[in-house]
Amino acid sequence: MNVTGKQQPELIERPASLPVPTSTKSGIALLYNEETNNTYDVCLKLTKELLTIQKLDVVCTSGSESPANHRTVVLRRQAAGGLGLSIKGGAEHNVPVVISKIFKDQVADRTGKLFVGDAVLQVHLLRTAGDEVTVTVRYLREVPSFLKLPLGSPGPSTDHSRVSSPLFDSGVHLNGNGNNTAPSPPPPPADKPRYEKRWLDAVPLPLLMARVSRCKAATDQLRSNCLDVFALDGASTNILQFCTAAESTDWLQAISTNINELTQENIKMINKYCPSDDQTVHMGWTCGSPEGGAAGRASAFKFLALRGPHFYIFRSPPISAADWGQAETTYNLYEVLFKVHKLWMAEDCWLQARLYLGLEHSPEQRDNESLCFSILVGHGQSHTFRVELASDLATWEKSFQRAVFWEVQRIRSKSYMCSSQGSVLSFTVDFGSGFSCAEGSSKTALWRYKFSQLKGSSDDGKTRVKLLFKNAESNQIEMKELEFANLTAVLHCIHSFIAAKVASVDPLFVCSHGLPGHT
C-alpha cells in the first residue's frame, strides 16, 4: 500500500551468498583468567588466519639485557624529593609487591628502567631510607586486578607509559615533596641497557576451524560484552571483555568473518577431490542445546556439515577422510526438516531484512530462542542449535535449502514400503511424475498423482497418514490412507521433493543454487 508523501523503501533482493571482506583489526581488551580470577589488559591483533593475543612486557632496546629478564636499578635520593614511586601488594594480599605509580621527572622516572607493573624482587636499604636504594625488578605480564591499569590506558608508545592512573594513588609513596624536583642527571652511557614497554605476541590462535562464543561454558547464558575464541587444537583466549556491547559485536563479527572465509576456502579444497554427488555445501560450529530443553543437561558445541546426501553432526571437525565416518549422528538430507526459530529484531521491517541477510550487525538478543534452528528428524525427534550472528543463521538456512535441492535432483525418486487395508504396498515420490503407489510384488501402479494434485494431508502423529488428491477428470477429492513404519521420514521426504519442485521453476534460485559442476 502506497502512502502519499512517503517514499517507499527499495526492495532488498535476497542474495544467494553473503560475501564479506576479510577483517584485519587490532585493539585493546581485558583478558579474564578464570584460574586466578584476575583481569588484565591485552592487545588483540586479527589477521586473515590468526587471532594473536599480545601482552605488555618490558624489553631491552639497546645494550646487554640482564639474565632472567630481571633489572637491577640504583636509585639515588636527591636532596629535594624522594624516590618518586609508589608500591602496592605484598604478602597480606597474596601478590608480589608491585610498582603502582611513577612520578614524572623524579628519580625513578629518570632512570628509564622502572615501569608501572614491575614486581619488586629484591630491595637494599629501602627500610633505612638511605641515600642509595638498589631494587631488582621484573615486569608482571599479568598484574592482579586491583593493581591493573584501566582498560584503554596509554600504550607503550606514548610518553606516559610509566605513569599510572589515579587507581594507584592510595599505595605507599616513596617520594618526598612532589612539587620539588631535582635537576635531571646526564643521560646514561650508550653501552648501558635501555628499556621500554612493548606489546609482545603471547598466544597465537589459528582461525581455521576455530569457534567463537559469547556464552558461559556449558550454558546458553550470554555474557555481557564478552567472548571466547577456541582454536582447533583446544587452545583458547580465555574470556575477552570489552568496554561496550558495540565493541564486543564488532570483534565478534570480525573474527567470525575470518573463520567463515577460511571455512569456505577449506570447502573449495575438499570439493576439488570429491565427485559431484559428494560435494560439501556448508560446515561450521554451532552450540547444540539438549533435546527438548532437558533440565540439568549442559549445552555442547557441535560441528555440523552438509555433504553429499547426508547431514552430519560431529563432536569435532573432520580433518581426514576417515574422520567423516566418525560422525556422532548422520541423517539423510531429504528425510529431515530445517526450522528457524523466532528471530527478534528491531521494529523497522527494512532493518529486520538487512539484519537477517547479514548486511547489518545483529543486535543483542533478548532470549535464548534467538538465532536458533532445529533439525527435525524421524519419530518426532529434533536437534536444536544456536549460532552467534544473524548472518550465520541465514547462511545455514540457505545452505540447507541448497543441499536438499541438490540431493533431490540427484536421487530423482524415493520409495517406501507401506500398508493399506492389509496389503503391502510401495509408495514412491518421483521428482518428474509425482506420487504413485504399487503392490509390493508388482511394479504396476495402483494410482498416480502429480504434485499439483495434492491438496492436503493429515496424520495421527504415529504411523498413519491420509493424503487428499484432486482427480484431474472428475475434480473430486480422493483420499488415500497409508501406514508407514517411519511416517515422519516419509512426510519430510514429501516436503523435500515438493520444495525442490517449486524451487526448480524459480530461475533466480536455479541460477544461484545450481547443481555441482553447473554453477
Side-chain angles (χ1 to χ4, degrees), residues 13-14 16 277 281 309 331-340 375-378 397-421 423-440 442-516 518-519:
E13 181 179 301
R14 181 168 181 167
D277 61 351
V281 177
Y331 296 103
N332 292 324
L333 273 171
Y334 53 83
E335 291 182 339
V336 298
L337 197 63
F338 183 95
K339 177 185 176 183
V340 176
I375 303 298
L376 309 180
V377 297
E397 183 181 21
K398 291 193 297 295
S399 298
F400 204 94
Q401 293 170 353
R402 188 180 196 183
V404 171
F405 179 76
W406 284 4
E407 182 58 14
V408 170
Q409 291 283 320
R410 186 186 70 84
I411 64 174
R412 304 297 294 181
S413 68
K414 176 64 180 177
S415 297
Y416 295 91
M417 299 305 296
C418 63
S419 63
S420 178
Q421 299 179 345
S423 299
V424 177
L425 306 175
S426 175
F427 174 76
T428 300
V429 187
D430 186 271
F431 185 78
S433 59
F435 306 98
S436 64
C437 200
E439 291 185 2
S442 172
K443 293 185 179 180
T444 303
L446 299 176
W447 48 262
R448 190 186 303 274
Y449 297 95
K450 296 179 180 180
F451 286 111
S452 59
Q453 291 178 270
L454 179 64
K455 299 304 178 182
S457 67
S458 63
D459 62 84
D460 63 0
K462 297 179 181 178
T463 60
R464 296 184 180 182
V465 62
K466 296 178 180 179
L467 301 175
L468 305 179
F469 297 100
K470 184 177 180 180
N471 189 295
E473 297 179 356
S474 66
N475 289 332
Q476 298 296 313
I477 297 298
E478 299 176 350
M479 182 186 72
K480 304 298 180 181
E481 184 172 355
L482 304 172
E483 186 171 356
F484 295 90
N486 188 350
L487 177 60
T488 306
V490 176
L491 295 179
H492 289 170
C493 179
I494 293 174
H495 177 275
S496 297
F497 271 72
I498 293 177
K501 190 70 175 180
V502 172
S504 68
V505 297
D506 181 353
L508 180 61
F509 183 90
V510 173
C511 179
S512 58
H513 296 77
L515 293 174
H518 297 81
T519 55

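Since this is a predicted model, take the numbers as computed values, not measurements.
- Of all heavy-atom pairs between D430 and G432, the closest is OD1-N, 2.8 Å.
- In this structure the side chain of F435 reaches within 4.5 angstrom of the side chain of V429, judged on heavy atoms.
- To the nearest 0.5 Å, the span separating NZ on K398 from CZ on F338 amounts to 10.0 Å.
- Taking the six-membered ring where the residue is Trp, F427 and F484 present perpendicular rings, their angle passing 60° and hence far from 30°.
- Judged by distance alone, the side chain of D460 and the main-chain N or O of T463 form a donor-acceptor pair under 3.5 Å.
- Listed by first and then second residue, the salt bridge (charged side-chain N to carboxylate O under 4.0 Å, His left out) pairs involving residues 481-498 are R464-E483 (not counting sequence neighbours).
- Heavy-atom minimum distance, D277 versus P309: O-CD, 3.9 Å.
- The minimum heavy-atom distance between C418 and L482, with the atom names listed, is SG-CD2, 4.1 Å.
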Can you give the donor-acceptor pairs under 3.5 Å from side chains of residues 485-493 to other protein atoms, not counting sequence neighbours?
from	atom 1	to	atom 2	distance (Å)
N486	OD1	A489	N	3.3
T488	OG1	H379	N	3.4
H492	ND1	E335	O	3.1
H492	ND1	L376	O	3.4

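- When all heavy atoms are compared, the tightest approach of L333 to V404 is O-CG2, 3.9 Å.
- In this structure, V408 and S496 approach most closely via the heavy-atom pair CG2-O, 4.0 Å.
- Between I494 atom CD1 and Y416 atom OH the span is 8.5 Å, to the nearest 0.5 Å.
- Between Q476 atom CD and K470 atom NZ the span is 9.5 Å, to the nearest 0.5 Å.
- For residues 448-458, the pairs satisfying side chain to side chain donor-acceptor pair (under 3.5 Å) are Y449-E478, with sequence neighbours left out.
- Every side chain to side chain donor-acceptor pair (under 3.5 Å) that T428 has, sequence neighbours left out, goes to S415.
- Here CG of L454 is found 7.5 Å from CG of L468. Values are rounded to the nearest 0.5 Å.
- Across every non-hydrogen atom of F497 and I411, the tightest pair is CZ-CD1, 3.9 Å.
- The shortest distance between side-chain heavy atoms of S423 and E439 does not fall below 4.5 Å.
- The ring pair (Phe, Tyr, Trp, His ring centres under 6.0 Å) test applied to Y334 returns no partner, not counting sequence neighbours.
- Here the side chains of F400 and V336 are in contact, with some heavy-atom distance below 4.5 Å.
- Qualifying side-chain contact (heavy atoms from CB on, under 4.5 Å) partners for A438, counting only residues two or more places apart in sequence or in other chains: none.
- The line from CZ of F405 to CZ of R410 is 14.0 Å long, rounded to the nearest 0.5 Å.
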